[in-house]
Student: 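Below is a structure I'd like to ask you about.
In what follows, every heavy atom counts, from backbone to side chain, and hydrogens, waters and symmetry copies are set aside.
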Amino acid sequence: MAPRANWKGFLGLSLVTCPVALYPATSESEKISFNQLNRTTGHRIKYLKVDADTGDEVPNEDIVKGYEVEKGQFIEVTKEELEEVALESTRTIEIDEFVDRSDIDPRYLIRPYYLRPDGKVGHDAFAVIRETIREMDKVAIGRVVLTSREHIIALEARDKGLIGTLLRYPYEVRDPAEYFDDIQDVKVTKDMLDLAKHIVNQKAGSFEPDKFEDHYETALVDLINQKRAGKVIRPKERPKGENVVDLMDALRKSVGGAAKEVAAQKKPAKAKKATAGQKEMLMSIAGKRPAKEAASKKPPGRSQRKSA
């Protein structure tokens with residue numbers, strides 16, 4: 001079942017408008033999540049909203065928003081007052097300008113969304129806006145209100161729809177000088193640079209997300225399956241980092257290591273075999289798998305578990 005829209009409203013380019021819906025383009029629901037438990041009873045931990053001074057539980061209808069102006073002094077703001085400052089972008093994504101993709105600093109990117117027509121009307125206007133963005137090879141910049149806050153959104157054509165990426169405001173991006181100013185100025189010799197470039201060329205490839213495995217997720221699945229089987233978990237010896245004494249020697253060895261790594265990657269991978277009696281148990285936890293496979297093998301009740 002398709003996820004619910006995070007936002008519904010209108011997309012506007014000057015006088016051309018159409019109803020649209022915004023959907024999350026990513027999901028972490030397939031990742032393993034944990035609950036917090038009481039070690040003594042094994043029961044789940046429940047969080048309550050309590051008065052910081054009295055310790056009494058406070059019902060939701062008595063909870064209001066407040067801004068701390070001084071230590072312990074707050075200005076209360078009601079829901080009605082917040083609605084009074086609602087912006088036009090609450091209902092409409094109005095395209096303000098078009099920019100080159102290369103103009104957008106990666107530090108400003110937050111998260112992607114899918115944007116599509118909402119309902120059966122407005123597909124023609126949506127197609128005009130989408131194809132204009134595609135043909136001009138530009139990114140459309142607009143504004144949208146999500147979770148009561150206005151965000152900058154960058155729109156790009158993707159297949160029959162649009163990808164909308166939320167952007168940060170300048171005050172949310174930290175100055176790199178705070179972190180980079182004390183880095184030493186080091187002169188890199190041509191020989192070192194040539195060796196490093198050689199390693200890069202050996203490892204050159206194209207970005208294919210499907211070939212990357214979430215090793216931590218795989219390890220979690222293995223850990224849980226071992227505990228379900230009653231196995232004793234023993235800590236593994238962690239590799240110790242070593243200081244590089246001779247940089248040129250390390251680069252030369254890296255060149256040889258990269259060549260072996262590339263050669264190994266060209267060999268067909270052998271399928272991992274489950275040990276006797278573990279096959280059914282290993283399939284009982286989906287972990288991170290393609291959506292269709294995970295949905296067909298997810299154990300009952302998994303979707304009801306929530307992260308702590």
Student: Between Gly12 and Thr92, what is the shortest heavy-atom contact and its length?
Tutor: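 Looks like N-CG2, 4.5 Å.
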Student: Looking at CG of Leu146 and OH of Tyr113, how far apart are the two atoms once the value is rounded to the nearest 0.5 Å?
Tutor: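 Leu146 CG to Tyr113 OH: 5.5 Å, rounded to 0.5 Å.
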Student: Would Glu76 and Lys65 count as a salt bridge (Lys or Arg N to Asp or Glu O under 4.0 Å) here? Give the steps.
Tutor: CA-CA 6 Å; Glu76 292 185 8; Lys65 294 181 182 293; over 6 Å; no
Student: State plainly whether one hydrophobic cluster holds both Phe207 and Leu109, where clusters connect Ile, Leu, Val, Met, Phe, Trp and Tyr through side-chain heavy atoms under 4.5 angstrom apart.
Tutor: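 No, Phe207 does not connect to Leu109 through the hydrophobic network.
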Student: Hey, could you give me the NZ/CD1 distance between Lys49 and Ile63, rounded to the nearest 0.5 Å?
Tutor: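 Going from the NZ atom of Lys49 to the CD1 atom of Ile63 covers 4.5 Å.
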Student: When hydrophobic residues are tied together by side-chain contacts of less than 4.5 Å, even through go-betweens, does Phe74 share a cluster with Val77?
Tutor: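 No, separate clusters.
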Student: Is there side-chain contact between Leu115 and Tyr23, with at least one heavy-atom pair below 4.5 Å?
Tutor: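 No, their side chains stay 4.5 Å or more apart.
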Student: Within a 6.0 Å radius of atom CD on Gln184, are there more than 12 heavy atoms belonging to other residues, nucleotides or ligands?
Tutor: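 Incorrect, the count does not exceed 12.
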Student: How close do Lys120 and His123 get, heavy atom to heavy atom, and via which atoms?
Tutor: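 Heavy atoms only, the tightest pair is O-CD2, 3.5 Å.
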Student: Indicate yes or no: at least one non-hydrogen side-chain atom of Thr165 is less than 4.5 angstrom from one of Ile110.
Tutor: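 No, their side chains stay 4.5 Å or more apart.
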Student: Are any non-hydrogen side-chain atoms of Ile233 and Lys227 less than 4.5 angstrom apart?
Tutor: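 When only atoms from C-beta onward are counted, Lys227 and Ile233 do touch, with a gap below 4.5 Å.
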Student: Please check if Val139 and Val20 belong to a single hydrophobic cluster, counting links between Ile, Leu, Val, Met, Phe, Trp and Tyr side chain heavy atoms closer than 4.5 Å.
Tutor: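 Val139 and Val20: separate clusters.
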Student: Quick one, Leu11 with Leu162, criterion side chain to side chain contact (heavy atoms under 4.5 Å, CB included). Give me CA distance, side-chain angles, the key distance, then yes/no.
Tutor: CA-CA 11 Å; Leu11 174 65; Leu162 293 170; 3.8 Å; yes
Student: Without swapping roles, check the side chain of Thr17 against the backbone of Leu13 for a donor-acceptor pair under 3.5 Å.
Tutor: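 A pair under 3.5 Å: no.
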Student: Between Ser206 and Glu208, is any side-chain donor less than 3.5 angstrom from a side-chain acceptor?
Tutor: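 The answer is yes; a qualifying pair exists.
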Student: Answer yes or no: does atom CE of Met136 have more than 12 heavy-atom neighbours from other residues, nucleotides or ligands under 6.0 Å?
Tutor: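 12 or below, so no.
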Student: What's the spacing between Leu195 CG and Arg252 CZ if we round to 0.5 Å?
Tutor: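 Answer rounded to 0.5 Å: 6.5 Å.
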Student: What's the verdict on side chain to side chain contact (heavy atoms under 4.5 Å, CB included) for Arg107 and Arg168, showing C-alpha distance, side-chain angles and the deciding distance?
Tutor: CA-CA 8 Å; Arg107 294 176 300 167; Arg168 294 182 174 89; 5.9 Å; no
Student: Grab the two heavy atoms, one from Ile32 and one from Glu217, that are nearest each other, plus how far apart they are.
Tutor: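 Scanning both residues, the minimum pair turns out to be N-OE2, 2.7 Å.
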Student: Would Arg158 and Tyr114 count as a side chain to side chain donor-acceptor pair (under 3.5 Å) here? Give the steps.
Tutor: CA-CA 9 Å; Arg158 175 67 63 89; Tyr114 292 137; 6.0 Å; no
Student: Does CD belonging to Glu172 count more than 12 external heavy atoms closer than 6.0 Å?
Tutor: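 More than 12 heavy atoms, drawn from other residues, nucleotides or ligands, come within 6.0 Å of this atom.
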Student: Assess whether atom CG of Asp137 is packed by more than 12 heavy atoms of other residues, nucleotides or ligands within 6.0 Å.
Tutor: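 Atom CG in Asp137 is not crowded, with 12 or fewer foreign heavy atoms closer than 6.0 Å.
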Student: Looking only at atom types and distance, does a side-chain atom of Asp100 sit under 3.5 Å from a main-chain N or O of Ser102, one as donor and one as acceptor?
Tutor: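 Flag not set: sc Asp100 to bb Ser102 has no pair under 3.5 Å.
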Student: Yes or no on side chain to side chain contact (heavy atoms under 4.5 Å, CB included) for Thr218 and Glu213, after CA distance, side-chain angles and deciding distance?
Tutor: CA-CA 8 Å; Thr218 302; Glu213 178 186 351; 2.8 Å; yes
Student: Report whether Val128 and Ile95 are members of the same hydrophobic cluster (ILVMFWY, side-chain heavy atoms less than 4.5 Å apart, transitive linking).
Tutor: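 No, it is not one cluster - the side chains of Val128 and Ile95 are not joined through contacts under 4.5 Å.
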Student: For the pair Ser14 (side chain) and Val16 (backbone), establish whether a donor and an acceptor sit closer than 3.5 Å, ignoring hydrogens and angles.
Tutor: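 Between the backbone of Val16 and the side chain of Ser14 there is no qualifying donor-acceptor contact (under 3.5 Å).
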Student: Could you check whether any side-chain heavy atom of Val232 comes within less than 4.5 Å of a side-chain heavy atom of Arg234, counting everything from C-beta outward?
Tutor: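 The answer is yes; the side chains approach within 4.5 Å.
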Student: Is it the case that the side chain of Glu81 and the backbone of Thr78 share a donor-acceptor pair, with hydrogens and angles ignored and the cut-off at 3.5 Å?
Tutor: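 Indeed, once roles are kept as given, a pair shorter than 3.5 Å links the two residues.
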Student: Test Leu37 against Ile45 for side chain to side chain contact (heavy atoms under 4.5 Å, CB included), laying out the working first.
Tutor: CA-CA 5 Å; Leu37 307 176; Ile45 299 297; 5.6 Å; no
Student: Which heavy atom in Arg134 sits nearest to a heavy atom in Asp159, and how many Å separate them?
Tutor: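 Reported closest heavy-atom pair: NH2-O, 2.6 Å.
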Student: Counting only heavy atoms not in Glu68, do more than 12 fall under 6.0 Å of its CD?
Tutor: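 Yes, enclosed.
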Student: Measure the spacing between OH of Tyr216 and NZ of Lys31 and express it to the nearest 0.5 Å.
Tutor: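 Rounded to the nearest 0.5 Å, the OH-NZ separation comes out at 10.0 Å.
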Student: I need the Leu155 CG to Ile141 CD1 distance, nearest 0.5 Å.
Tutor: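 Nearest 0.5 Å value for the CG-CD1 distance: 7.5 Å.
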Student: For Asp124, is the CG atom crowded, meaning more than 12 foreign heavy atoms sit under 6.0 Å from it?
Tutor: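 Not buried by this count: 12 neighbours or fewer within 6.0 Å.
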Student: Using a 6.0 Å cut-off, check whether atom NZ of Lys197 has over 12 heavy atoms from anything other than its own residue.
Tutor: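 No, the 6.0 Å shell around NZ holds no more than 12 heavy atoms from other groups.
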Student: Return the CZ to CZ distance between Arg116 and Phe126, rounded to the nearest 0.5 Å.
Tutor: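 Atom-to-atom, Arg116:CZ and Phe126:CZ are 8.5 Å apart.
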Student: Would you kindly confirm whether Ile163 and Tyr108 end up in one hydrophobic cluster when ILVMFWY residues are joined by side chain heavy atoms under 4.5 Å apart?
Tutor: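 Unlinked, Ile163 and Tyr108 end up in two clusters.
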Student: Just by distance, do the side chain of Asn225 and the backbone of Val221 share a donor-acceptor pair under 3.5 Å?
Tutor: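 At least one qualifying donor-acceptor pair exists.
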Student: Can you give me the closest heavy-atom contact between Asp118 and Ala21, atom names plus distance?
Tutor: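 Between these two residues, the closest heavy atoms are CB-N, 3.9 Å.
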Student: Are the side chains of Ile153 and Leu167 in contact, using a 4.5 Å heavy-atom criterion?
Tutor: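 They are not in contact (no side-chain heavy atoms under 4.5 Å apart), so the answer is no.
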Student: Would you say the side chain of Tyr169 lies within less than 4.5 Å of the side chain of Ile152, judging by non-hydrogen atoms?
Tutor: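 Of all side-chain heavy-atom pairs linking Tyr169 with Ile152, at least one is under 4.5 Å.
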Student: Answer yes or no: is there an ion pair linking Glu94 with Arg143, defined by an N-O contact shorter than 4.0 Å?
Tutor: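 Judged by the 4.0 Å cut-off on N to carboxylate O distance, Glu94 and Arg143 do not form a salt bridge.
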Student: Start with the C-alpha distance between Tyr47 and Gln36, add both sets of side-chain angles, then the distance that settles side chain to side chain donor-acceptor pair (under 3.5 Å), and finish with yes or no.
Tutor: CA-CA 10 Å; Tyr47 289 92; Gln36 291 188 330; 2.3 Å; yes
Student: Is the closest side-chain heavy-atom distance between Phe212 and Asp210 below 4.5 Å?
Tutor: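 Side-chain contact under 4.5 Å: no.
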Student: Testing the basics here: between Thr147 and His151, what is the closest heavy-atom pair and its distance to 0.1 Å?
Tutor: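 Where Thr147 meets His151 most closely, the heavy atoms are OG1-NE2, 4.3 Å.
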Student: What I'd like to find out is whether the side chain of Trp7 reaches to under 4.5 Å of the side chain of Val144, using heavy atoms alone.
Tutor: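 With C-beta onward as the side chain, the pair touches.
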